[in-house]
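Hydrogens, waters and symmetry mates play no part in the numbers below; they use all other heavy atoms, side chains included. Each chain gets a letter, A, B and so on, in the order its sequence line appears, and its residues count up from 1. Since this is a predicted model, take the numbers as computed values, not measurements.
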2 protein chains.
Amino acid sequence: MPAHKTAETATRPARALRGTRARAEVAADGIPAQDAGAAEVFAVDTVNASFLESLLGYNARRASLSLVGVFMKCMARFDLKIVEFSVLSLVGRNPGITSRQLCQQLDMLPPNMVGMIDALARRGFLERRPHPRDGRATGLYLTAAGRELVDTAEPQLKSSEEKAVAHLSETEQAQLMQLLQKLYR
Amino acid sequence: MPAHKTAETATRPARALRGTRARAEVAADGIPAQDAGAAEVFAVDTVNASFLESLLGYNARRASLSLVGVFMKCMARFDLKIVEFSVLSLVGRNPGITSRQLCQQLDMLPPNMVGMIDALARRGFLERRPHPRDGRATGLYLTAAGRELVDTAEPQLKSSEEKAVAHLSETEQAQLMQLLQKLYR
DNA sequence: TATTGTTATACTCTATAACTATA
DNA sequence: TATAGTTATAGAGTATAACAATA
């Protein structure tokens, strides 16, 4: 896991200020003179990621990845990937949902959904039935084993997230949820 | 892009309440009776994603992906992937940074960093120089072209994000930033 | 003609093992 | 012995094209 210690708000290079300097001249402003042909070499002590850290997108991705890690570990107990759990959870709340609808919801392409549904069906968690109105489509349904799995996994996932964000107050969690949704909806 | 219209807070299946029902009996509580051997089929009209949407992790990932999309489009003008830009930006602020440090910062594995640095060096944006203190390591430096690219790309990325989150107030943006960092740090 | 599910396939991203040069 | 950079390679994830069945 990355460190992300520094959070300076400099808008221009604070070049290896704490780093070791070798064969380099440093001007009064603290910025090494990058003269032509100089080929100075530096050692970076503490990485300055100030620009990336100033981006909401970077921070959103970091936060997302940290929770993804929590979810992965939690679902590993059921030998499920996050997206597989998502499929089962959606089928559980939407009996008869089509693979096309799952693709739209989970931002996946149809050819890549086929194998996953096959695998979950082979493991006995869901099954295909004809669509009542559209002969091209196939509706997906949880089996009894699939229902049991979802009913066990969902609360565990919820509680693993609660543990992971416990250092935020209830108010902060609600604020964050609302702001995230405002961002992408 | 997915829809995410519904946000019911039901804790148990609201099964295709708005969907078309076929060959199925619905009890007084509105939940279809899943009798053995019945094999009812349903059509799902509006997908119920209430459980997933109740997770901070799901919402963080959705928000992150939406900004990633903005960044990708912005960087495509420079024929740069997001991670390539991140490398250049970090090298720009950390002359002499090693590939190992980049890997830690960007959560990448060393073998996968090699090719990217090669490509950026071949394109003339950065160069390798010996490390002043460690003969095993290699320091990375922007070329003049690399510096120009970073100095052009960074403000454009910043402004593209600002446009993308303009529907949030300054206060909301600051709050979101602070909460995201509190989440993963 | 358009859409659903599907196959085949290519491309990208990510992960592991092992080697070299140096610490 | 451990670490930085590298190579080769395997595996997972993601993408496009095309086809049969149905709308």
Side-chain angles (χ1 to χ4, degrees), chain A residues 1-2 20 41-45 47 61 64-65 68-69 71-72 75-76 79-87 91 96-122 126-141, chain B residues 1-2 20 41 43-44 47 61 64-65 68-69 72 75-76 79-87 91 94 96-122 126-141:
Chain A
M1 283 283 175
T20 298
V41 294
F42 302 93
V44 173
D45 191 35
V47 174
R61 180 159 177 281
S64 160
L65 287 180
V68 161
F71 289 169
M72 275 181 55
M75 287 301 99
D79 196 23
L80 284 180
K81 292 165 204 159
I82 295 176
V83 64
E84 289 173 330
F85 164 79
S86 302
V87 164
V91 174
I97 193 172
T98 67
S99 72
R100 191 57 71 144
Q101 288 174 309
L102 284 174
C103 284
Q104 288 179 330
Q105 194 69 40
L106 299 175
D107 216 355
M108 283 181 63
L109 293 171
N112 302 326
M113 182 64 80
V114 178
M116 200 163 60
I117 292 174
D118 280 345
L120 292 172
R122 248 183 286 112
L126 52 77
E127 61 184 23
R128 295 178 230 236
R129 299 184 201 156
H131 191 282
R133 293 190 318 246
D134 190 335
R136 299 167 302 181
T138 309
L140 297 169
Y141 300 82
Chain B
M1 287 279 177
T20 299
V41 294
V44 173
V47 174
R61 179 159 178 280
S64 159
L65 288 180
V68 161
M72 276 181 53
M75 288 300 99
D79 195 24
L80 284 179
K81 291 165 202 161
I82 294 176
V83 64
E84 289 173 329
F85 164 79
S86 303
V87 164
V91 174
N94 302 273
I97 192 171
T98 67
S99 72
R100 191 59 68 144
Q101 288 174 308
L102 284 174
C103 284
Q104 287 179 332
Q105 194 69 41
L106 299 175
D107 215 356
M108 282 182 64
L109 293 170
N112 302 325
M113 182 64 79
V114 178
M116 201 161 60
I117 292 174
D118 280 345
L120 292 172
R122 245 183 289 113
L126 51 79
E127 62 183 23
R128 296 178 229 235
R129 299 185 201 156
H131 191 281
R133 292 190 318 247
D134 190 336
R136 300 167 300 180
T138 309
L140 298 170
Y141 300 81

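A 4.5 Å side-chain heavy-atom check between B:Met75 and B:Lys81 finds every atom pair outside the cut-off.
The phosphate of D:dA12 has neither OP1 nor OP2 within less than 4.0 Å of any side-chain N or O from A:Lys81. In this model, the phosphate group of D:dA4 is not approached by any side-chain N or O of B:Thr98 to a distance below 4.0 Å at OP1 or OP2.
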So which protein nitrogen or oxygen atoms get under 3.5 Å of nucleotides 21-23 of chain C's nitrogens or oxygens?
unit_1, atom_1, unit_2, atom_2, d
C:dA23, OP1, B:Gly135, N, 2.9

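For the atom pair CZ of B:Arg100 and CG of B:Asp134, the computed distance is 11.0 Å after rounding to the nearest 0.5 Å.
In this structure, the nucleotide among C:dT4, D:dT6, D:dG5 sitting nearest to the side chain of B:Arg128 is D:dT6.
Not counting sequence neighbours, the partners of B:Glu127 by the side chain to side chain contact (heavy atoms under 4.5 Å, CB included) test are B:Arg129, B:Tyr141, B:Thr143.
In this structure, A:Val44 and B:Gly96 approach most closely via the heavy-atom pair CG2-C, 3.7 Å. The shortest non-hydrogen separation linking B:Thr98 to B:Ala137 is CG2-CB, 4.1 Å. The minimum heavy-atom distance between B:Ser64 and A:Arg61, with the atom names listed, is OG-CA, 3.5 Å.
Proximity of residues 110-117 of chain B to DNA chain D (heavy atom under 4.0 angstrom from any strand atom) is restricted to B:Pro110, B:Pro111, B:Val114.
For the side-chain contact (heavy atoms from CB on, under 4.5 Å) criterion with B:Ile97, the lone passing option out of B:Val87, B:Leu102, B:Thr138 is B:Leu102.
When each of A:Leu109 and B:Ala137 is assigned the nucleotide of DNA chain D with its nearest heavy atom, B:Ala137 is the one assigned upstream, toward the 5' end.
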